[in-house]
Amino acid sequence: MLKIKSTQFISSNTSLAKCPQPTLPEFAFIGRSNVGKSSLINLLVGQKKLAKVSHTPGKTQAINHFLINDSWYLVDLPGFGYAKLSKKTKASISKMAQNYLLKRTSLVCVMMLVDIRRDPLESDLEIINFLGESGIPFALVYTKVDKVSKNQSHQQIGKMKKALSETWEEFPPMFLTSAFSRDGKDEVLDFIGKSLENLREK
Ligand code: GDP
């Protein structure tokens with residue numbers, strides 16, 4: 001089981017060029033604004049305020065690097081698709097995030113967050129398809145599962161699988177999480193831990 005022993009905020013950048021040297025494996029968290037990304041990151045690292053829980057949706061437009069256990073980076077990518085931003089930046093995923101996702105050589109896996117209460121959104125599917133087509137490994141992390149019953153969450157996953165099966169033969173790993181009930185914390189950390197172990201064995 002992956003234990004978080006240390007966390008350190010390293011940098012907040014508006015372009016890939018300014019990010020830390022890609023010498024350590026990294027896991028990038030992405031999702032619509034307000035999906036619960038900051039809350040989930042804080043749950044995973046066991047800190048209340050490492051990532052800033054935003055009260056203004058869509059505000060963080062930077063790539064934030066956090067060094068974990070002095071050995072890997074947790075990356076908080078800008079939230080996408082929400083009002084209050086200009087139309088240009090609103091359009092799906094930002095150029096900055098796209099550039100990062102396509103070119104970051106040390107990227108191990110993208111953790112794509114999806115609100116369990118929402119049916120698969122066009123914009124979410126767009127990003128999932130973008131990741132798939134670009135050959136970027138990703139996992140689907142459902143958030144706010146405390147808001148729905150077990151039955152409802154199964155239904156939501158079923159809808160996602162149906163939408164994905166139109167394009168994809170295999171499904172990505174999926175996790176059900178809640179920053180409130182702490183559901184899924186161990187599973188996500190375990191997944192990251194195993195991915196890091198696999199890298200070391202290579
Ligand atoms: P971000 O914009 O994706 O970083 O989302 P935040 O972490 O700032 O959370 C957005 C809103 O959703 C806040 O009001 C949180 O309190 C709420 N929220 C986040 N995680 C959960 C969760 O697991 N369960 C519930 N019920 N609400 C959550």
Side-chain angles (χ1 to χ4, degrees), residues 4 7-14 26-66 68 73-86 89-94 96-98 100-101 109-128 130-131 138-157 160 172-192:
I4 306 289
T7 58
Q8 193 186 348
F9 169 75
I10 300 294
S11 59
S12 185
N13 296 293
T14 49
E26 59 194 48
F27 294 80
F29 288 68
I30 192 168
R32 290 173 73 81
S33 302
N34 222 33
V35 71
K37 180 158 55 72
S38 310
S39 305
L40 181 74
I41 291 173
N42 291 335
L43 171 77
L44 292 176
V45 300
Q47 287 189 19
K48 286 210 174 93
K49 288 187 198 159
L50 191 69
K52 289 200 181 71
V53 174
S54 54
H55 297 289
T56 318
K59 215 177 148 196
T60 27
Q61 287 300 317
I63 303 170
N64 296 308
H65 275 78
F66 300 99
I68 313 293
Y73 287 118
L74 186 156
V75 181
D76 186 1
L77 289 178
F80 57 82
Y82 217 86
K84 283 194 184 169
L85 288 173
S86 76
T89 30
K90 195 175 89 174
S92 189
I93 185 171
S94 74
M96 172 179 55
Q98 269 188 50
Y100 166 87
L101 291 169
C109 188
V110 175
M111 310 302 275
M112 163 85 191
L113 274 54
V114 186
D115 189 323
I116 193 75
R117 294 168 300 174
R118 307 208 188 286
D119 287 347
L121 291 158
E122 203 47 53
S123 58
D124 287 334
L125 289 171
E126 241 172 59
I127 291 174
I128 290 168
F130 163 77
L131 293 170
F138 69 97
L140 280 183
V141 182
Y142 282 97
T143 61
K144 309 190 187 181
V145 297
D146 58 281
K147 294 259 199 185
V148 300
S149 67
K150 279 232 157 68
N151 209 354
Q152 282 170 313
S153 59
H154 282 135
Q155 275 178 17
Q156 291 305 84
I157 288 176
M160 177 62 87
M174 296 189 192
F175 300 97
L176 292 167
T177 71
S178 162
F180 286 15
S181 69
R182 311 170 71 82
D183 270 32
K185 174 183 177 179
D186 291 350
E187 287 79 2
V188 174
L189 285 178
D190 200 43
F191 173 76
I192 293 176

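First listed ligand is number 1; within each ligand, the first listed atom is number 1.
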Using the test ring pair (Phe, Tyr, Trp, His ring centres under 6.0 Å), find all partners of Tyr73 that sit at least two apart in sequence or belong to another chain. His65

Between Leu74 and Phe27, does a side-chain contact (heavy atoms from CB on, under 4.5 Å) hold up when you go through it step by step? CA-CA 5 Å; Leu74 186 156; Phe27 294 80; 5.7 Å; no

Would Asp183 and Ser181 satisfy side-chain hydrogen bond (donor to acceptor under 3.5 Å, both in side chains), going step by step from the backbone distance to the final call? CA-CA 5 Å; Asp183 270 32; Ser181 69; 3.1 Å; yes

Within the 4.0 Å heavy-atom shell around Ser178, which atoms of ligand 1 are there? 23 (O)

Main-chain N/O of Ile116 paired with Gln156 side-chain donor or acceptor, under 3.5 Å: yes

N/O to N/O below 3.5 Å, does that happen between Asn34 and ligand 1? yes

Name all residues meeting the salt bridge (charged side-chain N to carboxylate O under 4.0 Å, His left out) criterion together with Asp190; count only those two or more places apart in sequence or in a different chain, and write none if there are none. Lys194

Mind checking whether Lys144 has an N or O less than 3.5 Å away from an N or O of ligand 1? yes

In ligand 1, which numbered atoms sit nearer than 4.0 Å to a non-hydrogen atom of Lys37? 1 (P), 3 (O), 4 (O), 5 (O), 7 (O)

Taking the minimum heavy-atom distance to atom 24 (N) of ligand 1, which of Val145, Val148, Asn42, Asp146 ranks first? Asp146

Nearest heavy atom to atom 4 (O) of ligand 1, choosing from Ser38, Gly184, Ser39, Ala179, belongs to Ser38

